[in-house]
Amino acid sequence: MPDSVEGLTTQSLSLPEELILMLLNEETGYFHQVHGWELNCAVIGSVLAELSLLSRIDTDIEALLLVDPTETGNPVLDPVLKEIADEPVQHNAQYWIERLAVHAESIIDMTLDRLVELKILHHHDGDFWTLAPTNWHTDVLGNSREGTAGQFIKTRISECIFTDTIPDPRDVIVVCLVNTCDVFRFIFELDDEAEGRIELICKMDLIGRSIADAVEHTIASPLLRRSALNKQIPRVSLRRLLFNRHVRHGNIPAIFADLTKEYGPVFEIRPPFAKPMIFLGGPETNRWVHRHGRMYLRAKDYFADFEKVYGASGVMPSLDGADHFRLRKAMGPAYSRGRLCGQLDQVYDYARKFMADWKVGESYPATSLCRRMVNAQLSPLFIGVDSQDLIDDLMTFKERALTTHIVRALPKFMLSTPGMKRRAKAVDTLMERIQSVHTPAQRAGCPRNLADDWLSLHASDPQLMPESNLRFALSAALVASVYLGDAFSFAVYAMASQPEHYEKIRSEADALFEDGDPDSEDFTPSAIEYTHRFLMECLRMYPIVPMSMRDIMNSCVVEGYELPVGSRVYIAQTASHYMEDVFPDPFSFDIDRYLPERSEHRDPGYAPYGLGTHTCLGNRWMDLQLAVNLLMIAHHFTFEVSPADYALRFSPLPSMKPSKRLKFRIAEQRRGLPV
């Protein structure tokens with residue numbers, strides 16, 4: 001039966017779903033900060049309470065009894081009910097909460113998926129969730145009222161707390177469970193009277209009280225609490241690292257895949273005259289970072305010196321928590337696939353203008369060619385100006401700054417040489433160009449671009465986006481030309497070096513372009529199915545950013561190893577790309593990995609765009625632009641790898657790209673380029 005409040009009926013939700021909605025903090029896009037164990041216990045408590053309300057179990061302080069083993073049809077509830085039914089010995093609620101707490105994460109995942117499916121929550125890249133406007137309220141006459149489920153549930157609970165209304169038994173249980181998580185003070189402004197009311201409500205219902213008492217008094221499992229028996233972090237000798245078979249090829253993911261297989265998911269390297277470096281590698285640590293990293297890892301420390309080079313502080317890559325989420329939400333549309341879809345005609349035009357200078361029989365440096373081709377599109381699309389004459393200086397300066405302040409492979413004075421000072425001026429020149437064209441009159445009638453969004457955000461929220469950060473934000477927009485361009489160079493290499501794939505991609509390209517330029521709606525999953533799988537395999541074998549750095553802000557245990565506060569961790573998220581248990585025969589280029597029957601990427605072991613809250617915001621834009629550019633080359637040209645005997649090697653610092661020796665030779669122009 002649906003619940004009712006003041007003449008309104010609501011779509012029926014389970015107690016786990018209502019608990020998740022109550023705990024969701026829209027400012028951060030995640031739950032209010034509840035310790036993992038307390039959250040797990042509360043979630044299991046909500047499942048037991050729902051089973052009790054459905055008359056499947058009965059519980060009091062002393063015992064939990066099975067009443068009816070009949071399945072409910074709810075995939076969250078039924079596995080718990082079955083486990084209780086299969087247990088020959090009777091136990092109390094505290095026992096079951098402790099025993100079942102290890103399943104809480106999967107229950108949370110299923111509950112979040114269900115709320116997204118119901119269009120109650122929106123899921124954002126990086127595992128953020130926000131409430132979606134929905135026709136949640138329906139009055140007795142059938143008239144819908146706009147609102148959100150979370151708002152309605154919190155309204156119900158606030159009525160319980162701040163009025164003398166007699167609460168519904170379900171609301172009593174929600175109050176009991178949320179109170180055990182100690183987050184009411186973050187949801188509502190509580191005075192002594194409200195706190196007394198919460199205590200009173202928690203005593204109103206025997207089921208709610210017994211479940212809440214069990215949650216509150218339960219003892220943490222050794223699997224979820226830090227233990228005195230934490231393992232010693234293995235130490236990798238420098239000799240072992242330097243003599244790894246993949247070092248001479250510069251294949252960073254493969255190097256750390258080998259070390260992870262030999263030393264385990266957490267290991268340490270101690271360079272001479274430097275602090276120890278702790279590394280995380282493999283699908284288990286990827287899963288931990290993706291899900292729990294927001295609680296324990298901080299980005300700002302390692303990034304601070306780099307952003308200072310641009311006179312900035314608190315830019316998107318260095319932020320965490322609520323401000324980071326706010327910035328991602330504000331800028332999400334600027335980096336979205338939808339924004340690119342609305343500008344495909346311009347992408348075709350810019351790409352063809354760039355390709356018009358190619359000459360059959362000529363060879364071009366792979367990295368430079370692909371970066372400049374991408375920049376010819378991104379610069380006008382993102383910031384409304386041409387920057388081809390500046391891009392080499394901008395990229396060189398950026399890479400030197402990264403190598404100096406992030407990778408720390410060069411001394412700081414290397415960023416102050418005469419050559420670097422000259423290149424640094426390109427940033428100022430770029431800013432002058434952007435400012436000269438982004439006036440209200442000149443932007444009138446123009447499609448909105450990334451610069452418009454940054455400038456608008458600065459005007460509306462100068463604390464979140466101060467003027468001091470605009471120099472970084474607007475020049476860093478072209479950094480995408482580096483990452484996207486290098487990913488493109490790997491994709492072109494993979495296509496040119498494997499004729500069988502070239503032909504299949506060309507077939508999809510010719511079908512798309514045979515009647516003129518395709519619209520965004522034409523790039524359906526079936527239309528570019530082969531190209532999409534091909535690019536996914538390129539991103540697996542040739543990830544541009546193979547690892548990331550974070551500092552430990554709260555001590556934690558990962559796979560049995562304690563990571564102390566203040567230590568720096570290097571997350572080798574792409575090490576699993578070369579691990580046989582995740583991707584069988586990992587050195588084989590196999591696009592069938594992504595067919596539905598295999599789906600080897602459906603795991604945190606596939607992480608070309610990073611993990612967790614700092615997952616690349618523009619990954620869906622990048623996917624489409626890579627596909628469009630690869631298809632256009634296949635449609636118009638035949639490329640060959642030059643020299644013909646080239647064996648792929650990586651230039652790994654500060655990010656992965658092909659070695660300078662790789663060139664692309666224009667072997668054939670299949671058709672003319674429309675003007």
Side-chain angles (χ1 to χ4, degrees), residues 1-3 12-23 31 34-115 117-118 168-181 201-225 291:
M1 292 291 292
D3 303 315
S12 179
L13 284 181
S14 67
L15 282 170
E17 290 163 347
E18 294 202 334
L19 176 65
I20 292 299
L21 289 172
M22 277 296 297
L23 294 179
F31 305 132
V34 182
H35 189 280
W37 175 252
E38 279 78 10
L39 177 61
N40 289 349
C41 291
V43 168
I44 297 301
S46 70
V47 173
L48 296 179
E50 184 71 20
L51 289 171
S52 180
L53 291 177
L54 293 174
S55 301
R56 297 303 196 274
I57 62 172
D58 193 12
T59 183
D60 56 29
I61 303 300
E62 301 298 327
L64 186 150
L65 306 172
L66 178 69
V67 175
D68 181 0
T70 306
E71 291 187 351
T72 66
N74 186 321
V76 166
L77 305 179
D78 288 338
V80 172
L81 179 62
K82 184 177 188 305
E83 194 158 341
I84 294 172
D86 290 345
E87 175 63 36
V89 180
Q90 181 178 297
H91 301 284
N92 62 15
Q94 181 175 325
Y95 168 88
W96 283 109
I97 288 171
E98 291 181 12
R99 174 168 160 177
L100 296 167
V102 294
H103 303 302
E105 287 193 1
S106 63
I107 289 172
I108 292 170
D109 288 342
M110 286 191 287
T111 302
L112 288 168
D113 288 345
R114 163 78 172 160
L115 292 170
E117 181 184 331
L118 291 172
D168 181 272
R170 297 180 69 87
D171 292 343
V172 171
I173 294 170
V174 171
V175 170
C176 290
L177 292 172
V178 174
N179 192 47
T180 64
C181 296
I201 292 171
C202 289
K203 297 175 182 177
M204 286 183 176
D205 183 82
L206 181 60
I207 295 172
R209 190 165 76 247
S210 63
I211 295 291
D213 286 347
V215 169
E216 188 172 353
H217 295 110
T218 192
I219 300 172
S221 162
L223 291 174
L224 297 172
R225 289 277 186 158
R291 184 173 193 93

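- The heavy-atom pair separating Cys202 from Cys176 by the smallest distance is CA-SG, 3.5 Å.
- Side chain of Glu50 to backbone of Leu15: a donor-acceptor contact under 3.5 angstrom is found.
- Between Trp96 and Glu83 the shortest heavy-atom distance is CH2-O, 3.6 Å.
- Among the candidates Val47, Val43, Ile44, the single residue satisfying the side-chain contact (heavy atoms from CB on, under 4.5 Å) test with Leu100 is Ile44.
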Practice prompt. Could you give me the CA-CA distance, side-chain angles and deciding distance for Asn179 and Ile201, then say whether side-chain contact (heavy atoms from CB on, under 4.5 Å) is met?
Written response: CA-CA 10 Å; Asn179 192 47; Ile201 292 171; over 6 Å; no

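- In plain terms, the two heavy atoms of Leu19 and Ala42 that are nearest each other are CD2-O, 3.6 Å.
- Partners of Pro169 under the side-chain contact (heavy atoms from CB on, under 4.5 Å) rule, at least two apart in sequence or in another chain, are Asp205.
- With rounding to the nearest 0.5 Å, the separation of CZ in Arg291 from CG in Asp109 is 4.0 Å.
- Pairing each heavy atom of Arg99 with each of Val102, the nearest pair is O-CG2, 3.8 Å.
- Partners of Asp68 according to the side-chain contact (heavy atoms from CB on, under 4.5 Å) rule, which considers only residues two or more places apart in sequence or in another chain, are Arg56, Thr70.
- Looking at Leu54 and Asn74, their side chains never come closer than 4.5 Å, going by heavy atoms from C-beta outward.
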Worksheet item: Does the side-chain contact (heavy atoms from CB on, under 4.5 Å) test come out yes or no for Leu48 and Thr59, once each step is laid out?
Response: CA-CA 9 Å; Leu48 296 179; Thr59 183; over 6 Å; no

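- Between Leu13 and Arg170, the closest heavy-atom pair is O-NH2, 2.7 Å.
- The structure places CE of Met22 at 13.0 Å from OG of Ser46, a figure rounded to the nearest 0.5 Å.
- Contacts of Gln90 classified as side-chain contact (heavy atoms from CB on, under 4.5 Å), with partners at least two apart in sequence or in another chain: Ala63, Leu65.
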Discussion item. Between Thr72 and Leu51, is the side-chain contact (heavy atoms from CB on, under 4.5 Å) condition met? List the steps.
Written reply: CA-CA 9 Å; Thr72 66; Leu51 289 171; 4.2 Å; yes

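- Residues Ile173 and Ala49 share a closest heavy-atom pair of CG2-CB, 3.6 Å.
- Rounding to the nearest 0.5 Å gives a distance of 7.5 Å between CG of Leu115 and OG of Ser14.
- Of the inter-residue distances, the one linking Leu66 atom CG with Ile84 atom CD1 reads 7.5 Å to the nearest 0.5 angstrom.
- Here the CG-CD distance, from Leu81 to Glu71, works out to 7.5 Å after rounding to the nearest 0.5 Å.
- Of the possible donor and acceptor atoms, one in the side chain of Thr111 sits under 3.5 Å from a partner among the backbone N and O of Ile107.
- Distance CZ/Arg114 to CD1/Ile20: 14.0 Å, rounded to 0.5 Å.
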